[in-house]
Amino acid sequence: ATETARAFNLAISAGRGVPIDQHRIDTAVTACLQAANAYLDDPTPWISLISVARLYPSGVRRQELARWWDELHQRDPYSVEGHLQVLHYYSARWHGSHGLMYDFARDAAGVAPPGCALPVLVQYARVEEYRYAIDAGHTGQSAVGLGQHWNHDGAVSDVRRTWQRWIIGRSDSGVAPGEWRDLNYLAHAACNAGEKEVAAALLRMLGPRATRTPWSYTGDAEHQLVEWRKDLTDSSTSAAVRE
């Protein structure tokens, strides 16, 4: 994990599109493989391998990525972090396209058991598509299209499906520490999709446990959360008065 972080930090320091020393990437891969051999049942080294694979200028061979994915899947078939690393790999930012990224997210969501967090991958994909467009400096007609990015029919349907499959399908109401980031992604999507009842329920589940992302991608994170909580609380009060 440390070697993987060092490789990514080097890539960030170099800047987007600037190749980094392949030796650093190879060192991280070697460390991951050594860790995988030392702890055979641990999925973490395989997650790190898939993550660092993004840093190769042309990615890795499809057969190699598939092998690493199979190793991970055997150890933890419903790992959100593992699936998320594959989703990033398949994104347009790295070695794929928006379509490939969404296909992977929806395929994973479709086979997830009720109560599993994997359906939220679709919300991660939507955030990544938005960031890609912003980073590319889209203007004019493209910028107009971004205005409906969060609340077009498909986006709204995705929020409802994730809510039903993940949250409604849960056998308990507790939220594990590792799920806070995922819950923030779904809450952010629900707020921006205009799904107020879902958004209000998710914000109640979150309580004070907010993560900076994805809120920071659409403005000031704290300000947005305060405003959404205020708006949804006022809406709930008004609805209760009408009833």
Side-chain angles (χ1 to χ4, degrees), residues 1-12 19-20 22-129 131-132 158 161-162 165-166 169 176 178-179 181-183 185-186 213-214:
T2 300
E3 290 298 339
T4 298
R6 285 174 175 165
F8 270 96
N9 287 338
L10 189 61
I12 292 170
I20 68 172
Q22 184 165 320
H23 175 70
R24 171 59 69 185
I25 307 175
D26 292 341
T27 298
V29 168
T30 299
C32 292
L33 291 173
Q34 289 173 342
N37 288 329
Y39 300 95
L40 297 177
D41 294 332
D42 190 352
T44 308
W46 302 103
I47 294 174
S48 292
L49 271 170
I50 294 169
S51 175
V52 80
R54 278 185 271 158
L55 295 179
Y56 284 110
S58 300
V60 296
R61 290 181 300 125
R62 181 175 298 180
Q63 298 92 327
E64 192 73 358
L65 184 66
R67 186 177 72 83
W68 293 352
W69 168 248
D70 287 342
E71 295 285 356
L72 167 60
H73 197 264
Q74 289 171 20
R75 290 162 175 78
D76 191 354
Y78 305 120
S79 165
V80 174
E81 186 61 31
H83 281 76
L84 188 56
Q85 295 308 320
V86 178
L87 184 144
H88 286 317
Y89 186 92
Y90 284 151
S91 70
R93 186 185 301 273
W94 293 99
H95 303 293
S97 64
H98 295 327
L100 191 59
M101 174 180 66
Y102 275 109
D103 286 346
F104 176 78
R106 292 196 168 102
D107 286 347
V111 299
C116 174
L118 282 182
V120 81
L121 287 171
V122 180
Q123 278 67 56
Y124 277 99
R126 195 163 305 284
V127 169
E128 171 57 28
E129 182 187 9
R131 290 182 62 206
Y132 184 85
D158 285 336
R161 275 194 293 269
T162 301
R165 292 174 176 176
W166 178 24
E179 294 180 320
R181 181 185 58 174
D182 305 333
L183 205 61
Y185 268 77
L186 182 55
T213 57

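Note that the numbering runs from 1 along the sequence shown for the chain.
Distance OG1/Thr2 to CG/Asn9: 10.5 Å, rounded to 0.5 Å. Rounding to the nearest 0.5 Å gives a distance of 11.0 Å between CG of Leu55 and CD of Gln22. Of the inter-residue distances, the one linking Arg54 atom CZ with Leu65 atom CG reads 11.5 Å to the nearest 0.5 angstrom. The structure places OG of Ser79 at 8.0 Å from CG of Leu118, a figure rounded to the nearest 0.5 Å. Here OH of Tyr102 is found 9.0 Å from CG of Leu87. Values are rounded to the nearest 0.5 Å. Summarising the geometry, atom OG belonging to Ser58 is positioned 7.5 Å from atom NE2 belonging to His95; distances are rounded to the nearest 0.5 Å.
A 4.5 Å side-chain heavy-atom check between Tyr90 and Asp103 finds every atom pair outside the cut-off. In this structure, Tyr185 and Val122 have side chains that are not in contact, with every pair of non-hydrogen atoms separated by 4.5 Å or more. Thr44 places none of its side-chain heavy atoms less than 4.5 Å from the side chain of Tyr39. Residues Phe104 and Asp107 form no side-chain contact, since every pair of their non-hydrogen atoms from C-beta on lies 4.5 Å or further apart. Residues Glu128 and His98 form no side-chain contact, since every pair of their non-hydrogen atoms from C-beta on lies 4.5 Å or further apart. Within the 4.5 Å cutoff, the side chain of Met101 has no heavy atoms near those of the His88 side chain. Leu84 is listed as a side-chain neighbour of Arg181, based on a closest heavy-atom distance under 4.5 Å. At a threshold of 4.5 Å between non-hydrogen side-chain atoms, the residues Tyr78 and Pro113 count as touching.
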Original post:
Can you check side-chain contact (heavy atoms from CB on, under 4.5 Å) on Tyr89 and Leu100, steps first, answer last?
Top reply: CA-CA 10 Å; Tyr89 186 92; Leu100 191 59; over 6 Å; no
Original post:
Should Ser51 and Phe8 be marked as a side-chain contact (heavy atoms from CB on, under 4.5 Å) after you check the CA-CA gap, both sets of side-chain angles, and the distance that decides it?
Top reply: CA-CA 9 Å; Ser51 175; Phe8 270 96; 3.3 Å; yes
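A donor-acceptor pair is defined here as one N or O able to donate and one able to accept, closer than 3.5 Å; no such pair exists between the side chain of Glu64 and the backbone of Arg61. Within the 3.5 Å criterion, the main-chain N or O of Leu33 finds a donor-acceptor partner in the side chain of Asn37.
Legend: residues meeting ring-ring contact (aromatic ring centres under 6.0 Å, His included) with Tyr56, ordered by chain and number and at least two apart, are absent. With sequence neighbours excluded, the residues forming a salt bridge (charged side-chain N to carboxylate O under 4.0 Å, His left out) with Glu71 are Arg75, listed by chain and number.
For the pair Pro43 and Leu72, the tightest heavy-atom approach, listed with the atom from each and the gap, is CB-CD1, 3.6 Å. Cys32 approaches Ser48 most closely through the heavy-atom pair SG-CB, 3.5 Å. For the residue pair Pro119 and Thr162, the shortest heavy atom distance occurs at O-OG1, 3.2 Å.
A 6.0 Å sphere centred on CG of Asp41 holds no more than 12 heavy atoms belonging to other residues, nucleotides or ligands.
A centroid separation of 6.0 Å or more is found between the aromatic rings of Tyr124 and His83.
Using a 4.0 Å cut-off between charged side-chain N and carboxylate O, Asp158 and Arg161 make a salt bridge.
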